[in-house]
Trainee: 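Below: one structure in structure tokens.
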Amino acid sequence: MRVFKKRQTKVKSFFRSEDMDLCQLLLHTENAFDCLIEVGHHGAVQFNNVYDEDRLLNNLYSKKVTQCYELLRIVDSLHTYIVQLHVNEIFYPDVDRENRLKEKDLAKYSDSLKRIHVEASAVTEHYYRLDSRRNRMMEHSFALNKANKYMVSDMGSELLYSESTVIGLVQDATTTSGAYPAHLNYMIGCIRADKFYSFELLLYRLCSFNLIIRFSEMPSPVYEYHYGYKPERVRKFAILMMASSTMIWPKVLKICAHYHVNIYDCPSSASQREDKVKELSQEIVNVEKVLKEAELMRRQILEVAGRDLFIIRVNLRKALKVYDLMNRLRLVGGVEVPRYLLAEVYIPSSDVPEVEVILRNASRISGGADNIDSSDEDEMNDMKTMPNTTPYPIEADFQPLEDMSAGAILLKKNRLVNHMPPTYFRLNKFTRGFQNLIDAYGMADYKELNPAPYTIITFPFLFAVMFGDLGHGILLILFSSLMIWKHREIEKYQINATSENEILNILYAGRYIILLMGVFSVYMGLVYNIVMAKGFNLFGSSWSCRYNETTVYDPAFHVTLDSSHPHFYSGHPYPLGMDPVWAVCGQDSITTTNSLKMKMAIVLGISQMMFGLGLAAANCVLMNRKADLILVVIPQMIFMLCLFGYLVFLIFYKWMSYGGHKPAPYNAACAPSVLITFINMMLMKKEDPVENCLDYMYPNERMIEFALVGIAFCTIPILLAGKPIYLMRRRRKMQQERERDFKRMRRQTIAEMRSTMRYTDDDNSETSRQKSVDNEEEHEMSEIWIHSGIHTIETVLGSVSHTASYLRLWALSLAHDQLSDVLWHMVLTKGFANTLPLYYGVPVLMATFFAWAILTVAILVMMEGLSAFLHTLRLHWVEFQSKFFGGAGESFKAFNFPTSNQRS
Amino acid sequence: MDKHVAFMVITVFWLLFAIIGFLVSYRYEERGLIRCCVILTAVCCYLAWMVTFVMQLNPLTGPRAKQKIILGMITYWPRSIIHDEKDP
């Protein structure tokens with residue numbers, strides 16, 4: 001019995017949304033964290049009203065939230081170090097199962113993270129300092145080398161370039177005869193390459209020719225370290241500045257400080273400079289050894305950090321989410337210190353027992369028990385049934401629970417709420433793709449009929465009507481089968497990939513849609529008799545050519561096969577799909593296939609719209625809206641049937657009654673146009689009959705058409721005024737009942753004063769009825785009339801425009817067929833028909849085949865497939881779902897942790 | 001193939017498809033969904049086939065062909081022949 005009920009529940013689940021239970025969740029502050037962690041992993045509980053903008057926080061967990069943010073910042077800092085050194089950070093695909101978070105783990109994470117962070121920061125700072133010191137020594141050594149080379153080799157030629165020096169020397173010679181030449185002052189340093197030119201220009205403007213600058217670029221860029229920033233690789237210039245006077249050095253030094261030039265000491269003699277260079281080289285070697293050891297130590301620390309960093313990051317994000325949620329729940333309970341958190345939640349009815357089990361297990365694990373004892377479980381079951389059966393006061397409920405480590409309580413609410421429950425569908429990997437198509441348009445109302453089950457077949461079928469080609473359908477089947485077959489590898493790739501592939505995700509999510517699209521395209525390829533633009537002849541054509549020799553071999557022979565003669569048409573149509581003669585005789589086939597596809601589009605479109613109206617009727621029955629059923633849906637159905645159902649009848653009647661091989665007045669000459677007949681019906685006009693033809697398709701045609709038009713137009717005032725009048729009358733009746741209830745309530749108040757503490761069921765029913773009345777009075781009558789008018793206009797005009805909209809099935813089918821034909825005749829046939837020699841002809845044929853194949857996949861399958869997909873989507877969203885689907889619901893947003901992957 | 005036989009064969013095929021699918025669905029838990037898919041498939045495919053079949057039942061006009069096409073049909077299709085009678 002239980003198994004049968006369970007199966008019945010599952011059978012019903014997808015056509016309408018799941019039953020929702022409004023519950024109150026009471027959590028003890030000691031184990032609320034662990035309970036919510038388990039709830040988040042299960043993902044079947046929606047917390048109401050906790051993420052509103054005006055929600056007040058209870059501030060009990062604000063410190064915890066801040067602590068989690070701080071720890072995540074440390075994790076990001078360590079991650080930055082790890083990325084810099086290209087250390088391997090280990091990825092755990094099963095972190096959600098094997099490393100499930102508990103509240104006591106957070107302290108462990110905090111301690112280990114802080115310790116590793118302190119060590120990593122210290123080692124990194126030490127490394128940076130050593131590297132900076134090495135860089136400065138390298139700069140110093142390079143600058144000394146360049147200066148020494150310059151001074152030793154070019155000292156004499158310097159005098160030729162310095163005008164002021166020459167003048168100075170001349171002056172010295174005149175004052176003291178025989179004195180030594182003047183001693184040049186110089187200074188060396190290093191500057192960033194991007195700042196050198198402005199530095200040089202500034203010094204020239206300041207000192208003119210009194211200062212001479214020579215520069216040379218260092219062989220490789222060096223790292224610069226600034227606190228709080230990433231290490232930066234910069235190009236450096238070594239500079240040598242020489243001046244004849246010492247008076248300008250203070251200014252030069254100020255400018256050097258402003259431009260962050262590193263000034264280095266330079267001995268005055270060549271031998272001292274060489275000794276200094278050797279000393280610096282030795283020191284650089286020593287520092288590099290220490291630097292290598294520091295890097296090894298740093299790498300070791302980061303490898304230890306990288307071992308667990310992924311787990312810590314994932315669990316910290318979950319903890320942050322849980323603490324934020326706990327901070328938003330309402331505090332209830334104790335007098336001085338609150339001990340309980342209260343939340344209003346929606347849970348699917350079928351998941352309530354499972355959630356209760358999860359909460360009980362989380363409470364037990366939080367209390368320190370790791371094993372499930374059967375006696376404890378039985379005791380828990382006994383305690384759990386008590387709150388539901390016996391209405392004890394609240395204190396009595398809380399008292400026994402403290403003995404059992406304060407387990408969580410889940411109570412169902414039975415009161416009426418104004419807010420509509422969220423919509424939840426239980427899906428599997430096959431149905432999720434189709435449900436995503438519907439949810440992109442709008443979420444179904446609670447307990448509203450879901451279009452997705454019907455879309456599973458109608459969507460691929462209408463796509464195939466546009467795309468129908470046996471070869472292209474096979475390509476779609478192969479592609480989707482590959483994705484279905486390799487689904488485990490694709491999922492593993494999606495989890496492990498460091499960057500997201502959006503196109504692959506979309507195609508993978510829709511792989512079953514693509515499979516069904518391919519299957520139905522193969523079927524429509526059989527019906528259209530098309531495989532890669534060519535037809536095939538399985539059953540023998542119904543048409544034949546039987547001429548004598550003189551007629552056949554006449555060079556001017558050009559003939560239309562006469563459909564009225566048994567030599568040409570056998571009278572028995574091709575059993576499956578189009579006759580292959582239309583693929584062979586290319587000139588007239590487009591007229592015939594257009595006629596077929598237009599009428600097929602009309603027939604299928606009107607069938608789908610009538611199906612939608614049938615679903616609207618079913619929806620009204622299921623939701624107990626008889627007024628909507630009788631006053632809105634049935635008039636719509638009558639309107640559609642009288643006008644467009646009659647159009648479908650005309651199409652079939654003409655096909656059955658008129659034919660080229662039939663005698664007058666049912667032959668080809670007398671066949672009326674269905675469209676003109678339909679238009680004359682709407683305009684109530686009459687045309688003169690053609691000679692030797694009847695003026696009607698069947699007896700009493702005009703009378704029946706007038707009757708149908710009259711009935712259709714009679715339904716319009718019912719659509720317009722039916723529901724508003726009904727609501728007005730009902731509201732008046734409700735008002736009268738409310739007046740009577742008011743009198744009775746007044747009387748009951750007097751009775752209540754005499755006997756206190758007395759409750760009756762009538763009060764509850766009256767209260768609930770009054771609340772429902774209040775709901776309806778939210779809408780004013782003028783609004784209802786306006787809405788009804790808009791709906792009537794939409795129904796009448798929409799029926800015409802939606803029927804015309806289905807003609808896109810013909811338009812896209814024609815486009816696909818003609819494009820396929822163009823590719824065949826313009827690309828591949830040229831390869832077949834080439835008259836080149838063999839060793840040229842075969843490569844040309846191969847090239848044309850590859851061109852044809854690539855263009856077939858790129859244009860006909862991908863672009864045309866996407867176009868047909870979008871048009872099918874519009875046909876379903878607008879033409880089909882507008883008949884019955886409101887789509888104004890809210891989706892069920894469970895408190896859920898997303899699956900961890902490489903990017904999280 | 002005779003038109004009545006062809007019509008009967010295809011109709012019985014899709015009818016059996018729907019009935020057998022309906023019966024097979026009882027073995028699965030999602031029988032409502034399977035039933036819905038099977039019946040919709042049968043109705044859609046039958047409707048598409050029937051429109052094509054009825055449209056070709058009584059053609060108003062025939063195809064127009066050139067001499068090359070006529071000779072091809074006479075060569076490859078068995079019901080197309082050259083005879084000695086007078087042409088209409």
Side-chain angles (χ1 to χ4, degrees), chain A residues 7 10-12 14-15 453-454 456-458 461 465 523-524 527 539-541 543-549 551-552 555 557-563 565 568-569 572-579 581-582 584-585 587-589 596 599-600 603-604 607 652 655-656 658-662 668 671, chain B residues 1-7 9-10 25 28-45 47-88:
Chain A
R7 293 170 72 182
K10 281 203 173 181
V11 166
K12 290 176 182 175
F14 187 38
F15 292 88
Y454 317 103
I456 289 171
I457 297 300
T458 57
F461 176 72
V465 171
Y523 177 76
M524 291 308 295
V527 168
F539 303 97
S541 175
W543 298 79
S544 58
C545 304
R546 298 184 179 181
Y547 294 104
N548 61 27
E549 200 165 12
T551 307
V552 166
F557 186 46
H558 196 96
V559 76
T560 298
L561 305 185
D562 189 0
S563 59
H565 201 278
F568 305 107
Y569 178 61
H572 304 286
Y574 193 73
L576 182 57
M578 288 290 286
D579 199 290
V581 78
W582 302 108
V584 169
C585 305
Q587 292 185 0
D588 285 338
S589 64
L596 163 73
K599 295 185 171 68
M600 184 187 282
V603 171
L604 293 178
S607 301
F652 277 102
W655 280 339
M656 302 292 289
Y658 291 85
H661 61 282
K662 296 197 172 187
Chain B
M1 194 185 294
D2 185 69
K3 59 190 176 186
H4 303 100
V5 173
F7 190 84
V9 165
I10 300 291
S25 69
Y28 297 95
E29 281 187 354
E30 288 98 5
R31 75 171 63 90
L33 187 62
I34 294 171
R35 201 177 300 162
C36 170
C37 291
V38 165
I39 292 174
L40 266 177
T41 301
V43 169
C44 291
C45 293
L47 204 55
W49 169 83
M50 186 183 66
V51 167
T52 310
F53 187 83
V54 174
M55 180 257 178
Q56 299 183 106
L57 194 60
N58 301 312
L60 293 177
T61 56
R64 186 170 53 164
K66 294 177 179 176
Q67 186 190 38
K68 188 195 289 184
I69 303 298
I70 297 289
L71 288 173
M73 288 169 70
I74 289 172
T75 304
Y76 291 107
W77 288 1
R79 291 183 64 247
S80 300
I81 58 172
I82 294 178
H83 57 78
D84 295 329
E85 303 166 7
K86 186 181 292 182
D87 284 329

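Quick caveat: nothing in here was measured; it's all calculated off a predicted structure.
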Trainee: Heavy-atom distance under 4.5 Å to chain B: side chain of A:Tyr658, backbone, both or neither?
Mentor: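 The answer is both parts of A:Tyr658.
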
Trainee: Chain A heavy atoms under 4.5 Å from B:Leu57: which part of the residue, side chain, backbone, both or neither?
Mentor: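 Both the backbone and the side chain of B:Leu57 come within 4.5 Å of chain A.
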
Trainee: Heavy-atom cut-off 4.5 Å, strictly under: side chain, backbone, both or neither for A:Leu596 against chain B?
Mentor: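 Contact with chain B involves both backbone and side-chain atoms of A:Leu596.
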
Trainee: Who wins among B:Ile74, B:Val43, B:Val54 for the most heavy-atom pairs under 4.5 Å with chain A?
Mentor: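 Of B:Ile74, B:Val43, B:Val54, B:Val54 has the most heavy-atom pairs under 4.5 Å with chain A.
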
Trainee: Hey, are the side chains of A:Leu604 and A:Phe461 touching, using non-hydrogen atoms and a 4.5 Å cut-off?
Mentor: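 A side-chain contact under 4.5 Å exists here.
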
Trainee: Does a side-chain heavy-atom distance below 4.5 Å link A:Val603 with A:Phe652?
Mentor: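 Result yes, sub-4.5 Å side-chain heavy-atom pair found.
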
Trainee: Can you say whether B:Met73 sits under 4.5 Å from chain A via the side chain, the backbone, both, or neither, judging by heavy atoms?
Mentor: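 Side chain only.
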
Trainee: Top residue by heavy-atom pair count (under 4.5 Å) with chain A, among B:Ala48, B:Cys45, B:Pro78?
Mentor: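 If we count pairs closer than 4.5 Å to chain A, B:Cys45 comes out on top.
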
Trainee: Could you give the distance from CE (A:Met524) to SG (B:Cys44), rounded to the nearest 0.5 Å?
Mentor: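 Rounded to the nearest 0.5 Å, the CE-SG separation comes out at 10.0 Å.
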
Trainee: Just so I understand: if I count every heavy-atom pair under 4.5 Å between each of B:Trp49, B:Tyr76, B:Phe7 and chain A, which residue has the most?
Mentor: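 Highest number of pairs under 4.5 Å: B:Trp49.
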
Trainee: Is the A:Trp543 ring parallel, tilted or perpendicular to the A:Tyr569 ring (thresholds 30°, 60°)?
Mentor: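 A:Trp543 vs A:Tyr569 ring planes: tilted.
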
Trainee: Is any side-chain heavy atom of B:Ser25 less than 4.5 Å from a side-chain heavy atom of B:Val38?
Mentor: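 Side chain of B:Ser25 against side chain of B:Val38, heavy atoms only: no contact under 4.5 Å found.
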
Trainee: Which atoms of B:Leu71 come close to chain A, meaning under 4.5 Å heavy atom to heavy atom: side chain ones, backbone ones, both, or neither?
Mentor: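 Answer is side chain: those atoms of B:Leu71 sit under 4.5 Å from chain A.
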
Trainee: Which heavy atom of A:Trp582 sits nearest to which heavy atom of B:Gly62, and what is that distance?
Mentor: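 Looking at all heavy atoms of both residues, the shortest contact is CH2-C, 4.0 Å.
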
